[in-house]
*Asks:* 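I'd like to ask some things about the structure below.
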Number of protein chains: 2
Amino acid sequence: MAPTSISIIGSTGSIGRSTLAVVDRYPERLRVVGLATHQNVERLVEQVQTYRPEMVGICDDSRAGQLRASTSDETSHVVGESALIDVASFPDAETVVIAVVGFAGVRPTLAAIDAGHNVALANKETLITAGEIVMARARQRGVSLAPIDSEHSAIWQCLRAGERGEVRRIILTASGGPFRTLPLDQLDDITPEQALAHPTWNMGSRITIDSATMMNKGFEIIEAARLFDLESDQIDVVIHPQSLVHSMVEFRDGSIIAQLGATDMTLPIAYALFAPDRPPAAEGMPILDVTQMGQLTFEPPDPDRFPALALARRALEDGGTAPVVLNAADEVAVAAFLDGRLRFPEIARTVAEVLDQHTVVKQPTLEDIEAADRWAREIVNHHVANPYTNSGVT
Amino acid sequence: MAPTSISIIGSTGSIGRSTLAVVDRYPERLRVVGLATHQNVERLVEQVQTYRPEMVGICDDSRAGQLRASTSDETSHVVGESALIDVASFPDAETVVIAVVGFAGVRPTLAAIDAGHNVALANKETLITAGEIVMARARQRGVSLAPIDSEHSAIWQCLRAGERGEVRRIILTASGGPFRTLPLDQLDDITPEQALAHPTWNMGSRITIDSATMMNKGFEIIEAARLFDLESDQIDVVIHPQSLVHSMVEFRDGSIIAQLGATDMTLPIAYALFAPDRPPAAEGMPILDVTQMGQLTFEPPDPDRFPALALARRALEDGGTAPVVLNAADEVAVAAFLDGRLRFPEIARTVAEVLDQHTVVKQPTLEDIEAADRWAREIVNHHVANPYTNSGVT
């Protein structure tokens, strides 16, 4: 079997490096043809020297010289704002891994789809902000869109046990974050330091805070709705602090199928790249021993403690640009919390306020989406800078 | 869609009645064409009047008159020793549900297969004692063999999430029975009354004791090996007292797929009858709400507490007539325990002793199997009647 050619957009970040760890474990099954990143030129050069891709890209112009000087002539280079898009559409790839964080993932994803590549998607914003466009484009182009994060990978795997029309609901598991059991009246006093101490996964700052507010799970509700063509009321959330059951599907006959595994991103990345095949776990891959896993707990999330979940459902039901605003407002509000400019419960309150003010554009274009994104960021920045002029944000 | 025609062998017992409850819930999908039982003529007559099968059978000659007098001429009758077999081979059925308990299930299963019917199998002894013959015959005849008990149904469902060659191991869940946490030195003092108080499932006496010794899980290891063509070391057992996870499959990529559901036999029966379809749960069917299920625990079984597991593995590995002897010796030993003639830990010790004495016949015929069954029962009865003449049974 010839190896699958892959390009990695965002190769120097956490998911990008985990993807390369998967390549290391399956050297006969995967070949890296393209690598791209925003600005971490040192790590990119190392990767180019190790994996010898045909094309490499970096967004930061000022690093272009360093990149060229350190890599051989065999690799062609793209530099500047469109570098991620250029590598994503590079024709020699069969699968493009979208591993960049943030809104910057949307256009490379669409470029990969338009070039006829299968996409393995780790970028949340793509489905949250432009999910309808992306899914329609992938269907039209006949390419697959494989989720990389553990929850949606779990759902995708569990769905194999039945037909799509037989699904009653899916159940996303959530760690519940570090404040799951904190008395409600102490939420106001949470410091950024406390919020950044997440028990199970090692994650970036924003996603750690989004995990503490459960906004990340709200985003996952929206992503699941897009990926699997489900309504909000077909997607439930259960708090499962051990994070070993990655999610579940309830079929209409009453049978529930769950996926479990070690909490390691290389497992869902490998599944996204090889599905429906399951090649043997390579040496050193972590394996969960279910006979030794002890106690698993499950509880419904408290809506008073986690208002972000209802906000995400509201954005999903409103549709159009509402999820764009949800995402952008949350990102700025989280940054403000980390800077000490908002208290912890004000993150969700701010997002709610911005959603209230937003006039939803239905069936938005990419330009509408980008405009809504900018608008929401400005509104939150204004809220944060003028906290006493907005009745909704106290 | 035309309804599926089914015959039920053992229709008046627990699984037989649950199967008819499934028929009641899906009247447009299932039609009863045959019913058979050993001797409960009152209930059989009720069932015939309700479901109007084409053929009905009863083993007990003395009830034949009562059966004929109470049912209409539309239904043909078979009576006597071969009644179960005659109804199992009745040509108008598409699927035959083998719901009888005990060794008596083996020949009707083979008769159904030979008649070209699909089989939904609740009878454990069929696979334990004649599994190799039955599986080979079903393959040869091109009929399906659907497991009805919740563990194997779970495995069968989880296997849909991958290819057979991708399975690393399966993990059968076990309640652990009522003596999971009893101090080991108190096992000697367990009374039949204590052993019959099982926490989760409502079961017959033998299976309740087999559940307390975990011999039932040993039998399930053998059944799983036959059904899914696995070796002993590919089948693990984990104690899960809540009995909500019905079993799991670990694929070679490290992904584990589990099936959960309410503890109600109508769910696996419906799956066995309709698979791979999953028709909607009918009104009144119990549904597990995983967001409310609280705490699930998992622990490996203690081999000192549950020696039956190792005995079952040994019988599986020895093959041939060894599992026949395991089953027969256990049945008689359990009866002796219930009569107060053996102490609880002596059940497994007796079975071990009989296995030690047995000369395995490889690739046995049905006659070899029946001979080994009779032999083992005689040996145990002799042990129990003469407890001080056997060094191995104290």
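Each chain gets a letter, A, B and so on, in the order the sequences are listed, and its residues count up from 1.
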*Asks:* Under a 4.5 Å cutoff for heavy-atom pairs, which residue among B:Q295, B:E163, B:E299, B:R168 has the most contacts with chain A?
*Replies:* B:Q295
*Asks:* Which bit of B:I257 is near chain A, if near means a heavy-atom gap under 4.5 Å: side chain, backbone, both or neither?
*Replies:* both
*Asks:* Please state whether the side chain, the backbone, both or neither of A:I287 comes within less than 4.5 Å of a heavy atom of chain B.
*Replies:* side chain
*Asks:* For the interface with chain B, which of A:S153, A:G162, A:G261 has the highest count of heavy-atom pairs at distances below 4.5 Å?
*Replies:* A:G162
*Asks:* Check whether A:P276 gets within reach of chain B through its side chain, its backbone, both or neither, counting any heavy atom under 4.5 Å.
*Replies:* backbone
*Asks:* What part of B:V237 is in contact with chain A, defined as an atom under 4.5 angstrom from a non-hydrogen atom: side chain, backbone, both or neither?
*Replies:* backbone
*Asks:* Hey, what do you get for CZ (B:F298) to CG (A:L244), rounding to the nearest 0.5 Å?
*Replies:* 10.0 Å
*Asks:* Top residue by heavy-atom pair count (under 4.5 Å) with chain A, among B:G254, B:A154, B:P286, B:A281?
*Replies:* B:A281
*Asks:* Measure distances from A:L267 to the heavy atoms of chain B and classify the residue's part below 4.5 Å as side chain, backbone, both or neither.
*Replies:* side chain
*Asks:* Just how far is it from atom CG of B:D236 to atom CG of A:D289, taken to the nearest 0.5 Å?
*Replies:* 7.5 Å
*Asks:* Let me see the working for B:D277 and A:R252 under salt bridge (Lys or Arg N to Asp or Glu O under 4.0 Å), right down to the final yes or no.
*Replies:* CA-CA 10 Å; B:D277 291 348; A:R252 63 184 185 179; over 6 Å; no
*Asks:* Output the distance between atom CG (A:L159) and atom CZ (B:R160), rounded to the nearest 0.5 Å.
*Replies:* 11.0 Å
*Asks:* In Å and rounded to the nearest 0.5 Å, what is the OG1 to CE distance from B:T291 to A:M248?
*Replies:* 8.5 Å
*Asks:* Pick one of side chain, backbone, both or neither for A:I171, based on which atoms fall under 4.5 Å of a heavy atom in chain B.
*Replies:* side chain
*Asks:* Using heavy-atom distances under 4.5 Å, tell me whether B:Q157 contacts chain A through its side chain, its backbone, both, or neither.
*Replies:* both
*Asks:* Who among B:H240, B:Q292, B:E166, B:Q259 has the most heavy-atom pairs with chain A under 4.5 Å?
*Replies:* B:E166
*Asks:* Using non-hydrogen atoms only, which part of A:F274 is less than 4.5 Å away from chain B: side chain, backbone, both, or neither?
*Replies:* neither
*Asks:* Between chain B and each of A:V238, A:T297, A:L296, count heavy-atom pairs under 4.5 Å; write down the option with the most.
*Replies:* A:L296
*Asks:* Do the side chain of B:R278 and the main chain of A:A161 share a donor and acceptor less than 3.5 angstrom apart?
*Replies:* yes
*Asks:* Which one wins on heavy-atom pair count under 4.5 Å against chain A: B:V249, B:L288, B:V245?
*Replies:* B:L288
